[in-house]
Amino acid sequence: MTSSRTNIAASLGPGGEFDIIRAMAARWGARAVGLGDDAAVMSVPRGDSLVASVDTAIEGRHFRREWLSPRDIGRRAINAALSDLAAMAATPLGVLVALAVPTEWRASLLDIADGINDALTSAGTVIRGGNISAAAELSITTTALGSVHRALTRSGLRPGDRIYVTGELGGPQLTIDALSDGATPPELALARFVNPAPRLAESRWLAARGATAAIDISDGLGQDLRHLAAASTVRIEVDLQAVPRLPGVSARDAVVSGEEYELIVGAAGELDVVGFSRQFGIPLTEIGRAIGLASDGPGVDLMEGGTRVAIPGGHDHLSN
Ligand SMILES: [Mg+2]
């Protein structure tokens with residue numbers, strides 16, 4: 001197999017590979033910006049900071065071909081990367097996409113490109129460059145670039161802060177469980193698995209109204225709360241039964257469900273949950289509080305009826 005690397009460019013020379021890249025760029029149309037140059041050039045609004053994040057989706061690890069169409073896979077990869085910008089309350093400036101493509105996936109590249117376009121269009125952003133190479137397994141590595149005036153961070157929680165979560169959890173895990181058993185997942189759960197949305201506008205709305213800390217849920221609520229607690233050096237007490245979840249999902253399953261791309265946010269004051277759900281059509285639910293450290297170090301206390309209960313394990317990308 002020949003390995004090849006190139007910048008995606010609209011003004012490319014002859015050759016089958018360049019034809020593929022040209023065809024992908026044609027699918028993106030106006031959503032592809034400045035692809036003809038060696039690097040992307042972006043203006044950041046005066047006073048803002050540049051925000052950058054990179055995320056890889058690998059066949060067999062982050063997705064299965066039997067469960068998702070090529071278009072779903074492309075859309076999901078971009079949305080997962082954009083979710084990290086949402087966690088920072090950043091406005092996207094664009095993405096760079098590096099595709100590693102086995103021969104058997106070549107015929108699906110334009111469908112993947114359409115999925116990438118779906119995500120760019122939903123987020124109102126563009127692709128500013130990328131790379132394509134041959135590989136043994138399909139992977140999509142997305143660099144998401146954005147700008148922000150005042151970022152939400154994992155370290156922004158203080159003792160006494162209220163903890164909220166957007167949306168309803170459990171859909172991805174319920175879907176994976178059903179598909180693994182050869183069963184048909186409920187429609188709402190399947191939609192949350194196939195087409196998660198980065199909460200970009202939601203996060204900017206929350207940051208403008210007093211939120212100071214955030215993380216997006218990729219590993220599962222319990223695990224991502226631990227990351228938040230560790231970064232902020234606090235304990236987080238969560239009411240298990242308050243965790244918002246889809247019908248048919250237990251509170252415990254909602255705590256471990258990963259790749260949700262909902263947001264956990266912290267704020268010193270009360271956030272306008274009614275205004276939020278009116279604006280975005282999804283709930284914003286208060287699930288707990290940050291508390292100061294006592295004898296225990298940073299961590300999460302999951303409470304059920306006044307009793308501390310064990311936290312089910314979350315997803316760790318480096319373990320099996
Ligand atoms: Mg993240």
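Order of listing sets the numbers, starting from 1, for every ligand and every atom in it. Small disclaimer: the values here were computed from a predicted structure and weren't measured.
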Open item on the list: Could you walk me through whether L169 and R192 satisfy the side chain to side chain contact (heavy atoms under 4.5 Å, CB included) test, starting with their C-alpha distance in whole Å, then the side-chain angles of each, then the deciding distance to 0.1 Å, before giving a yes or no?
Closed with: CA-CA 9 Å; L169 306 181; R192 292 280 314 138; 5.7 Å; no
Task: Minimal non-hydrogen separation, G222 against V300, with atom names - done: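 Result for this residue pair: O-CG2, 4.4 Å.
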Open item on the list: Taking 2.8 Å as the limit, list every protein N, O or S atom around the Mg ion (ligand 1), by chain and residue number.
Closed with: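 Correct list: D84 OD1, D216 OD1.
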Open item on the list: So that I can tick it off, tell me whether E259 and R76 are bridged by a salt bridge, with the cut-off set at under 4.0 angstrom between side-chain N and carboxylate O.
Closed with: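 Salt bridge: yes.
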Open item on the list: Between D301 and R235 (salt bridge meaning N to carboxylate O under 4.0 Å), is one present in this structure?
Closed with: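 Yes, D301 and R235 are salt-bridged.
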Open item on the list: Which residues pass the salt bridge (Lys or Arg N to Asp or Glu O under 4.0 Å) test with R252, not counting sequence neighbours?
Closed with: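 With sequence neighbours excluded, R252 shows a salt bridge (Lys or Arg N to Asp or Glu O under 4.0 Å) to no residue whatsoever.
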Task: E168 vs I282 side-chain heavy atoms within contact, under 4.5 Å - done: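 Answer no - side chains too far apart.
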